[in-house]
Amino acid sequence: MTRRFRLEAATRRGEQIAKQYGFERFPIEPTTIAEAENIHIQAKPSDQKGVSGGIIFSGENVGIFYATDIDNDGFQRFTIGHELGHYFLEGHPEEITKIAPMHISRAGFSQGKDFIELEADHFSAGLLMPSRLVKKELLGRPVGLEGILTLAQQAKCSVTAAAIRAAQCSPYPVAIVVSNGDEISYGFLSDTFKSLGKFRNFPRKGDKLPVGTTKDFNETPDNVLRARQACGETTFLDWFDGDKAIELDEEVIGLGSYGYTLTVFSSDNLPDDPDNDEEDEEEARLMDSWTPKFARGR
Ligand SMILES: [Zn+2]
C-alpha cells in the first residue's frame, strides 16, 4: 500500500467517524465523539515547547490531553481530532503501546515525522472537514481564498488546514504555498493542478519565493502580523516553470503572529484531461512523496 493510499484511507476513516456520530453539518465536535467513546479529555498547559497533545492508553481507559498554551480553537480541535486518529485508526493503539502507554504529539512543520503522525493528521482533517460537507460549502463560491476562509470559519479549523482540504475536494486546480519571509515552508498541489501540464518548480521547503505578489507582501512584516490580504495574477509558467502560460490568481493572506503567509493559486480552467496519468515513474514517485502537512494551529 502506498503512503498516499494510506493517508487517503485515514482521511476517509475520519469522515466515516464524523458520519457515524451523526454530524451532518459543520462544525464537527471532536470532544462529543470522545465523550461518547468514554475517552477522558483534559486541557493541560504544556511545559514542553511544541507539544500539542497526547493520548494515554491505560488498560481499558483512554485519555486525551491537549495543550492550551496556544490559545487557538482551531489548533485545539485539530489536536483532539489527531489524538482520536490514534484511537480509531487501525494499528495505532498497538503501535503506540508497543513503546509506551503514553504518546505525545507535536505540532508544526516537523520534518521526518513518524508516519502514524501524518496518518493521524489526515484522520483529523477528514473528521473535522468531511469532503461531502466541504464540497457543499464550496459550491457556488469562486475558487480560491474566499471559499477557504468561509470553510475555516464554518468548520472551526485553521485557515491552512481548510486550504488543504479545499484543494483536495475542489474539482478546480488549486495550489497552496505557505511561506515565511522570502522562503517557502511547504506546498500542496491538488491533483487537477498537477494535471495542468508539465512543470519543474515544485514548491519545497527552503526554496526562495519567486518575484511576485507573495514575495512583495512578505517584505512588509506588518502585512503578515495583521492578517492583511493581497491579490495578484501570475501564470503556471512564471511561478511553477510550467509548460503553459495558464493564468492563475495569486491570493495572499498573512497568518498572524507566527510569521507565516498563505498563498492560494487557483484557476477556473479545468485541465484538458484531468485523468491524465502519463506521468513517468520518477514524477509519480515524487508526487507520492508530496503528502500535505496540516500544520496544526496555523
Ligand atoms: Zn500523534
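Order of listing sets the numbers, starting from 1, for every ligand and every atom in it. Positions are given from 1 along the sequence.
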Checklist entry - Is NZ or CZ of Lys44 both nearer than 6.0 Å to the six-membered ring centre of Phe65 and within 45° of the ring axis? => result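 Yes, Lys44 sits over the ring of Phe65.
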Next on the checklist: If the condition is side chain to side chain contact (heavy atoms under 4.5 Å, CB included), which residues does Asp216 pass it with, not counting sequence neighbours?
Outcome noted: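 Side chain to side chain contact (heavy atoms under 4.5 Å, CB included) list for Asp216, sorted by chain: Glu219.
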Next on the checklist: To check your reading of the site, what angle at the Zn ion (ligand 1) do OG of Ser105 and NE2 of His82 form, to 10°?
Outcome noted: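 So the angle at the metal works out to 90°.
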Checklist entry - In Glu117, what N, O or S atom is nearest to the Zn ion (ligand 1), if we give its atom name? => result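 Looking only at N, O and S atoms of Glu117, the one nearest the Zn ion (ligand 1) is named OE1.
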Item to check | Minimum-distance atom from the Zn ion (ligand 1) among N, O or S atoms of His86 | outcome: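 Considering only N, O and S atoms, His86 comes nearest to the Zn ion (ligand 1) through NE2.
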Can I get a per-line list of side-chain donor-acceptor pairs under 3.5 Å for residues 132-146, giving both atom names and the distance, sequence neighbours left out?
| residue | atom | partner | partner atom | Å |
| --- | --- | --- | --- | --- |
| Glu137 | OE2 | Arg141 | NH2 | 3.4 |
| Arg141 | NE | Glu137 | O | 3.0 |

Next on the checklist: Please determine whether side-chain hydrogen bond (donor to acceptor under 3.5 Å, both in side chains) holds for the pair Ser105 and Ser52, giving the CA-CA distance in whole Å, both sets of side-chain angles, and the decisive distance to 0.1 Å.
Outcome noted: CA-CA 6 Å; Ser105 303; Ser52 57; 5.1 Å; no
